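Since the structure comes first, as structure tokens, the remarks are kept for the end.
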Amino acid sequence: MSGDRRESPPVTGGGNGVVEPEKKPAPVIVPSQRLRLHANKDHMPESYEDLQLDFCPSIFSSLEKYLPPNMLHDSREEKVKFMRDILLKYLPHGERTRAQKHREYRQKIISHYKPLKRELYTMHPVTFFVPSFMKAINDNTEDSLRSIISEPSPGVLTFEMLQPRFCELLVAEVENFEAWVNDTKFRIMRPNTMNKYGAVLDDFGLETMLDKLMDGFIRPISKVFFPDVGGATLDSHHGFVVEYGKDWDVDLGFHVDDSEVTLNVCLGKQFSGGELFFRGTRCDKHVNTGSQPEEIFDYSHIPGRAVLHLGRHRHGARATTSGHRINLLLWCRSSVFREMKKYQKDFSNWCGECSREKKERQRASIAATKSELLRKDGESVV
């Protein structure tokens with residue numbers, strides 16, 4: 001690499017839940033029956049809560065606004081079939097079987113585990129969030145959101161979010177769950193393949209609360225700051241906690257997340273080290289390219305303070321050198337964005353390397369045009 005470009009360590013493929021491209025050809029969708037690029041804001045989607053579906057009912061309600069105009073008044077069954085066919089392209093048969101087993105696994109936990117802090121399982125914004133965050137969300141304007149958010153590096157947003165009491169309650173609940181796991185010898189699934197410690201919050205009953213966190217609080221911010229990657233259409237999540245320290249995971253390698261937008265909030269406790277390091281946002285093609293100087297940024301965790309970034313923003317965590325650090329992670333996903341991405345070839349609006357290459361092509365084109373004009377002027381003088 002040239003002097004102003006930094007080599008980045010190879011990004012871990014699939015190590016943190018990154019979805020690898022499906023090798024088999026995708027089912028063909030008739031062009032006239034593709035999803036719309038923009039949502040039909042005047043359309044009121046149906047509720048799918050009463051149906052037994054492969055996916056979260058809210059995904060179908062969100063996706064319905066993007067249906068082709070001629071399908072909006074079809075029967076609910078026909079709309080479900082069309083949307084399900086699209087969604088299943090991202091969940092092959094083997095994955096669907098695993099998903100069914102995971103539902104059974106989750107139900108087994110919920111039917112046996114007794115929550116310690118039941119107030120966590122229902123969204124209580126006033127007691128969960130700091131007043132400044134609540135006011136910005138309630139005002140619901142771009143100016144109100146920008147007033148509480150800092151962007152210390154391009155694409156890395158930070159803001160005060162969680163009250164200390166909420167952090168304490170969630171840490172206590174996680175510790176209670178882990179004690180139950182140890183007492184019952186229940187074998188749990190860890191958050192991802194890179195973290196050996198931590199717990200999936202959705203698996204022991206917090207899924208509904210975290211859904212409301214994404215819908216009512218993260219999506220409004222993502223709509224303003226991350227519109228190019230489905231920030232306005234986040235419709236599913238993966239919520240978990242990770243733990244770092246001498247007796248837990250120590251650090252986390254360089255990777256990208258299986259999310260469109262990632263929320264990361266430190267819950268405590270006392271610790272040293274553990275800084276996040278960021279190295280620029282990249283598409284699949286450029287995930288292992290070098291970093292530009294302006295893309296290099298380190299962030300030190302503060303309990304209750306949130307970091308919000310794109311899932312494709314390459315990052316890792318330095319070693320936690322002492323103490324015990326616990327973080328809440330919410331990977332927010334958009335089924336609409338993942339479908340529309342299939343038809344895109346240019347990601348220069350969010351991939352740093354695509355943007356750099358596009359600017360280089362533009363510079364080369366301008367230089368060639370100038371050269372041609374100068375040549376013609378010289379010929380005319382002769």
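Treat the numbers as computed from the prediction; the structure is a model and nothing was measured.
Partners of E49 under the side chain to side chain contact (heavy atoms under 4.5 Å, CB included) rule, at least two apart in sequence or in another chain, are S47, P57. Looking at residues two or more places apart in sequence or on another chain, you find a side-chain hydrogen bond (donor to acceptor under 3.5 Å, both in side chains) between Y121 and E173. For the side-chain hydrogen bond (donor to acceptor under 3.5 Å, both in side chains) test, no residue two or more places apart in sequence or in another chain qualifies with E178. With sequence neighbours excluded, the residues that form a side-chain hydrogen bond (donor to acceptor under 3.5 Å, both in side chains) with T262 are D257, S259. When the ring-ring contact (aromatic ring centres under 6.0 Å, His included) test is applied to W180, the partners found at least two apart in sequence or on another chain are Y113, F177, F186. For D211, the side chain to side chain contact (heavy atoms under 4.5 Å, CB included) partners at least two apart in sequence or on another chain are C56, M214, H237. Taking the side-chain hydrogen bond (donor to acceptor under 3.5 Å, both in side chains) definition, one finds that D203 meets it with H102, R106, sequence neighbours left out. In this structure R190 satisfies the side chain to side chain contact (heavy atoms under 4.5 Å, CB included) test together with I188, sequence neighbours excluded.
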Which pairs of donor and acceptor atoms, one on a side chain in residues 222-235, lie under 3.5 Å apart (sequence neighbours left out)?
{"from": "S222", "atom 1": "OG", "to": "I218", "atom 2": "O", "distance (Å)": "3.0"}
{"from": "T233", "atom 1": "OG1", "to": "G230", "atom 2": "O", "distance (Å)": "3.2"}
{"from": "T233", "atom 1": "OG1", "to": "S334", "atom 2": "OG", "distance (Å)": "2.6"}
{"from": "D235", "atom 1": "OD1", "to": "S335", "atom 2": "N", "distance (Å)": "3.2"}
{"from": "D235", "atom 1": "OD2", "to": "S335", "atom 2": "N", "distance (Å)": "3.4"}
{"from": "D235", "atom 1": "OD2", "to": "S335", "atom 2": "OG", "distance (Å)": "2.5"}

Throw together a table of side-chain donor-acceptor distances under 3.5 angstrom for residues 152-169, partners on residues two or more places apart or in other chains.
{"from": "T158", "atom 1": "OG1", "to": "R305", "atom 2": "NH2", "distance (Å)": "3.0"}
{"from": "E160", "atom 1": "OE2", "to": "R305", "atom 2": "NH1", "distance (Å)": "2.8"}
{"from": "Q163", "atom 1": "NE2", "to": "V126", "atom 2": "O", "distance (Å)": "2.9"}
{"from": "Q163", "atom 1": "NE2", "to": "F129", "atom 2": "O", "distance (Å)": "2.8"}

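Between the side chains of D139 and T141, no donor-acceptor pair is found at a separation under 3.5 Å. Side chains of E339 and Y66: no donor on one and acceptor on the other come within 3.5 Å.
With values rounded to the nearest 0.5 angstrom, H43 atom NE2 is found 8.5 Å from K65 atom NZ. Atoms CZ and NE2, on R314 and H309 in that order, are 13.5 Å from each other to the nearest 0.5 Å. Put simply, CG on L210 and CG on L263 are 9.5 Å apart, with the number rounded to the nearest 0.5 Å. Distance CD/E294 to CD1/I296: 8.5 Å, rounded to 0.5 Å.
Summarising the geometry of G273 relative to T321, their closest heavy-atom pair is N-OG1, 4.0 Å, with the distance given to 0.1 Å.
Environment of CD in E360: crowded, with over 12 heavy atoms of neighbouring residues, nucleotides or ligands closer than 6.0 Å.
Applying the salt bridge (Lys or Arg N to Asp or Glu O under 4.0 Å) test to residues at least two apart or on different chains, none of the pairs has a partner in residues 193-202.
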What verdict does the side chain to side chain contact (heavy atoms under 4.5 Å, CB included) test give for I366 and T369, after you've listed the backbone C-alpha separation in whole Å, the side-chain angles of each residue and the deciding distance to 0.1 Å?
CA-CA 5 Å; I366 291 170; T369 301; 5.7 Å; no

Is there a side chain to side chain contact (heavy atoms under 4.5 Å, CB included) between F128 and M134? Walk through the geometry before answering.
CA-CA 9 Å; F128 285 8; M134 279 299 303; over 6 Å; no

Would I326 and E243 count as a side chain to side chain contact (heavy atoms under 4.5 Å, CB included) here? Give the steps.
CA-CA 5 Å; I326 306 177; E243 299 185 70; 4.0 Å; yes

Let's go through K79 and L67 carefully: what are the C-alpha distance in whole Å and the side-chain angles of both, what is the deciding distance for side chain to side chain contact (heavy atoms under 4.5 Å, CB included) to 0.1 Å, and is it a yes or a no?
CA-CA 8 Å; K79 287 186 281 192; L67 289 178; 3.5 Å; yes

Salt bridge (Lys or Arg N to Asp or Glu O under 4.0 Å) assessment of E104 paired with K101:
CA-CA 5 Å; E104 295 169 358; K101 289 181 178 178; over 6 Å; no

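T122 contributes no side-chain N or O that, together with a main-chain N or O of E119, makes up a donor-acceptor pair within less than 3.5 Å. In this structure a side-chain-to-backbone donor-acceptor pair under 3.5 Å is present from S291 to R279. H324 contributes no side-chain N or O that, together with a main-chain N or O of F271, makes up a donor-acceptor pair within less than 3.5 Å. The closest donor-acceptor contact from the side chain of R282 to the backbone of G290 lies under 3.5 Å.
Shown are N327, N195, T320, D249; of these, the side chain to side chain donor-acceptor pair (under 3.5 Å) with Y244 is made only by N195. Each of R312, R338, R333 was evaluated against E260; a single residue qualifies, R338, per the salt bridge (Lys or Arg N to Asp or Glu O under 4.0 Å) test.
In this structure, D50 pairs ionically with R76, as a charged nitrogen and a carboxylate oxygen lie closer than 4.0 Å. Note on E295 versus R356: no salt bridge recorded, every NZ/NE/NH1/NH2 to OD/OE distance being 4.0 Å or above. Residues K81 and E78 are not paired through a salt bridge, judged by the lack of any N-O separation under 4.0 Å between the basic side chain and the carboxylate.
Below 30°, between 30° and 60°, or above 60°: for F60 and Y48 the angle between ring planes is between 30° and 60°, a tilted geometry. Using cut-offs of 30° and 60° on the angle between ring planes, the pair H238 and F240 is tilted.
A single hydrophobic cluster is not seen to contain both L308 and I302; linkage of ILVMFWY side chains at heavy-atom distances under 4.5 Å, directly or through other members, places them apart.
The other residues sharing a hydrophobic cluster with W248 are Y197, where clustering joins ILVMFWY side chains under 4.5 Å apart.
Judged by the 6.0 Å distance and 45° axis criteria, R34 is positioned over the aromatic ring of Y343.
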